[in-house]
Colleague: 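Once you've had a glance at the structure underneath, I'll fire off some questions.
Computation of the quantities below employed the complete heavy-atom set of this structure, encompassing side-chain atoms and omitting hydrogens, waters and symmetry-equivalent molecules. Treat the numbers as computed from the prediction; the structure is a model and nothing was measured. So you know, we letter chains A, B, ... as the sequences are listed, proteins then strands, and number each from 1.
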Number of protein chains: 2
Amino acid sequence: MAGGARVEAIENSGHLDFPRPLTTVDVVIFAILDDRLQVLLVRRPAGEGEPFPLSLALPGGFVDVAKDRDLAACAARKLKEKTGVASPYLEQLGSWGSAVRDPRGWSATHAYFALIPADAGVLTGDAQWHPIVGGRLKAKLAFDHGEILASAIQRLRNKVEYTSLPAFLMPAEFTLPDLQRVYEIVLDRPLEKSAFRTRILSADMIEPVARMRRGPNRPAQLYRLKKNSEPVYFVRTFNPPE
Amino acid sequence: MAGGARVEAIENSGHLDFPRPLTTVDVVIFAILDDRLQVLLVRRPAGEGEPFPLSLALPGGFVDVAKDRDLAACAARKLKEKTGVASPYLEQLGSWGSAVRDPRGWSATHAYFALIPADAGVLTGDAQWHPIVGGRLKAKLAFDHGEILASAIQRLRNKVEYTSLPAFLMPAEFTLPDLQRVYEIVLDRPLEKSAFRTRILSADMIEPVARMRRGPNRPAQLYRLKKNSEPVYFVRTFNPPE
DNA sequence: CTAAGTAAGTTGGACTGTACAACTAACTAT
DNA sequence: ATAGTTAGTTGTACAGTCCAACTTACTTAG
């Protein structure tokens, strides 16, 4: 009560010298490697006073008010620093803030999630890929990053059900069965071939290139994403999702 | 470059005495009044040094690190203060942060959106309802609140296409045509009666009460939301939304 | 007391896109 | 040649929306 009135008074008088939460940005970066959905994680530093020393964590850190124009730029910067990828699919996931999530005090993080193609994975520094098995990560993460990651996985699965998001996980050229495989990896269930092809081809999001993928059996048509490809939203989900 | 290195150093050494962004929470509160979608707005104070004096703005304010356990609690508090509603549908919308959105400095706001029933609108203080016409608000808002509101409207419309969200805008008892009307108001297009009824009734989210709504013509069955009603997700959208 | 009017609710046929399953096509390896 | 494998197609069943006409239950005007 008293606290609330105090803040109102401060707000009305225009003074800003009250305690501010810490502000961070974290990025959940997904890619498909070894036919599995994987997430990029870093190890926390071991220094004096560091929270969660040597734990695995999402890449991220404090917003730099001198350097970051806005939150999305901050997220893009962190992604670039870890992977070298400049223009991935990058979407805001949500924010997590509380008094207890960081032992250093009240803090709020703005979480983003990114999808990058497998062949764009030029890792720098300490970042490493970790597979998601059964919709979960084995390891425990620092802070509430486990919760954030779970939320990102859920959001991804949800959207894959009715959007073309997996296209952003594909290399420059890919076949329709390749794409279907990625859908199935993310959803962790098989999809119907003919319905899948009908849906994707009628979405006008990919175009054939003049080559075929050759292998030990029938060659498959190669496709690429069309330019300026926003994600496509379908009007139905695939199966009854349970 | 220098700035980034500096922040890294700070982070590694565990010191936290660098500039922090301002942290706020804003809430987009929707209700249906007079057969229109309306949003609750407040007027900014006129005091010395106040940004956007007397402009219309979303209800919100600084996070109070002494009082708010987490962001959702902060949003719920602000909603309660303005409307008296304790348990609305409350969903995180996203966050907006940049160097320039608030003249007082780098700031980030965590935006929520809430749906409350028309008959729960016991306004307190300076808050007032403003209609959304043609998917837009007439007035200009303070800060980037116009952008946040537009995003909330878009999110709402999107979700109404394939979820039961409008149920949270209804009074305790309502008829199916009432509910359909609310869908149509939000989507700003007519829906097909029989498909609408099939969809809603098979979703197992509402139950009939033992009364009918009587009027100048055929009485209509009254329904209420079932207990513990999470929003329902349908596997199709209504029309091809374009 | 009947007839007209209106909104609630139902019914049936057309259409769209997925589910399922069988099929053909194109290639490699034996 | 033949078997094996994956790419890609075809056809029937089914679910749910779209569209339009219909029946039902009430009020009000005459």
Colleague: Would you kindly give the CZ-to-P distance between B:R213 and C:dG9, to the nearest whole Å?
Modeller: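 Checked: the CZ to P distance equals 10 Å.
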Colleague: Side chain of A:N217 only, please: which of C:dC27, C:dA19, D:dC18 is the nearest?
Modeller: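 That would be C:dC27.
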Colleague: Want to settle it: does B:K193 or A:T198 sit nearer the 5' end of DNA chain C, counting the closest nucleotide to each?
Modeller: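 Taking each residue's closest nucleotide, the earlier one in sequence belongs to B:K193.
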Colleague: Ignoring hydrogens and angles, does a donor from either the side chain of A:R236 or the base of C:dT18 sit under 3.5 Å from an acceptor on the other?
Modeller: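 Side chain to base: no pair present.
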Colleague: For the side chain of B:R218 and the base of C:dA7, is some donor closer than 3.5 Å to an acceptor across the two?
Modeller: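 No, the side chain and the base share no sub-3.5 Å donor-acceptor pair.
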Colleague: Whole Å only: how far is the CD atom of A:Q180 from the C1' atom of C:dT18?
Modeller: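 From A:Q180 CD to C:dT18 C1': 13 Å.
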Colleague: What is the nucleic acid contact for B:T175, judged by heavy atoms within less than 4.0 Å: base, sugar-phosphate only, or nothing?
Modeller: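 B:T175: no heavy atom of the nucleic acid under 4.0 Å.
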Colleague: Got a sec: does the NZ of B:K226 have more than 12 other heavy atoms crowding it under 6.0 Å?
Modeller: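 Above 12, so yes.
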Colleague: Could you tell me the separation between the CG atom of B:L201 and the P atom of C:dA8, rounded to a whole number of Å?
Modeller: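 In whole Å, C:dA8 P and B:L201 CG are 14 Å from each other.
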Colleague: Without decimals, in angstroms, what is the distance between B:F196 CZ and D:dG16 P?
Modeller: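 Rounding to the nearest Å, CZ of B:F196 and P of D:dG16 are 16 Å apart.
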Colleague: Can you find an N or O donor on one side and an acceptor on the other, under 3.5 Å apart, linking the side chain of A:S194 with the base of C:dC20?
Modeller: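 Side chain to base: pair found, below 3.5 Å.
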Colleague: If you check every side-chain atom of A:A195, which of D:dA7, C:dA8, C:dT18 has the closest atom?
Modeller: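 Of D:dA7, C:dA8, C:dT18, C:dT18 is nearest to the side chain of A:A195.
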Colleague: Holding to salt bridge (charged side-chain N to carboxylate O under 4.0 Å, His left out), I want the full list of residues that pass it with B:R101, two or more places apart in sequence or in another chain.
Modeller: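 Checked B:R101 against salt bridge (charged side-chain N to carboxylate O under 4.0 Å, His left out); matches are B:D144.
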Colleague: For B:P216, report the nucleic acid contact type (base, sugar-phosphate, nothing); a contact means any heavy atom under 4.0 Å.
Modeller: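 Base contact.
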Colleague: Give a yes or no on whether a salt bridge exists between A:D126 and A:K82, defined as a side-chain N under 4.0 angstrom from a carboxylate O.
Modeller: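 Judged by the 4.0 Å cut-off on N to carboxylate O distance, A:D126 and A:K82 do form a salt bridge.
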Colleague: Starting the side chain at C-beta, find the nucleotide from C:dT10, D:dA7, C:dA19 nearest to B:R197.
Modeller: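 Given the options C:dT10, D:dA7, C:dA19, the side chain of B:R197 is closest to C:dT10.
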Colleague: I want to check a possible cation-pi pair here: A:R199 against A:F234, using under 6.0 Å from ring centre and within 45° of the ring axis as the test.
Modeller: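 Satisfied, under 6.0 Å and within 45°.
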Colleague: Counting only heavy atoms from other residues, nucleotides and ligands, does the tally under 6.0 Å from CD of B:E173 exceed 12?
Modeller: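 Yes, the 6.0 Å shell around CD holds more than 12 heavy atoms from other groups.
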Colleague: OP1 or OP2 of C:dG17 less than 4.0 angstrom from a side-chain nitrogen or oxygen of A:R199, does that happen here?
Modeller: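 Answer no for this pair, as no side-chain N or O of A:R199 is under 4.0 Å from OP1 or OP2.
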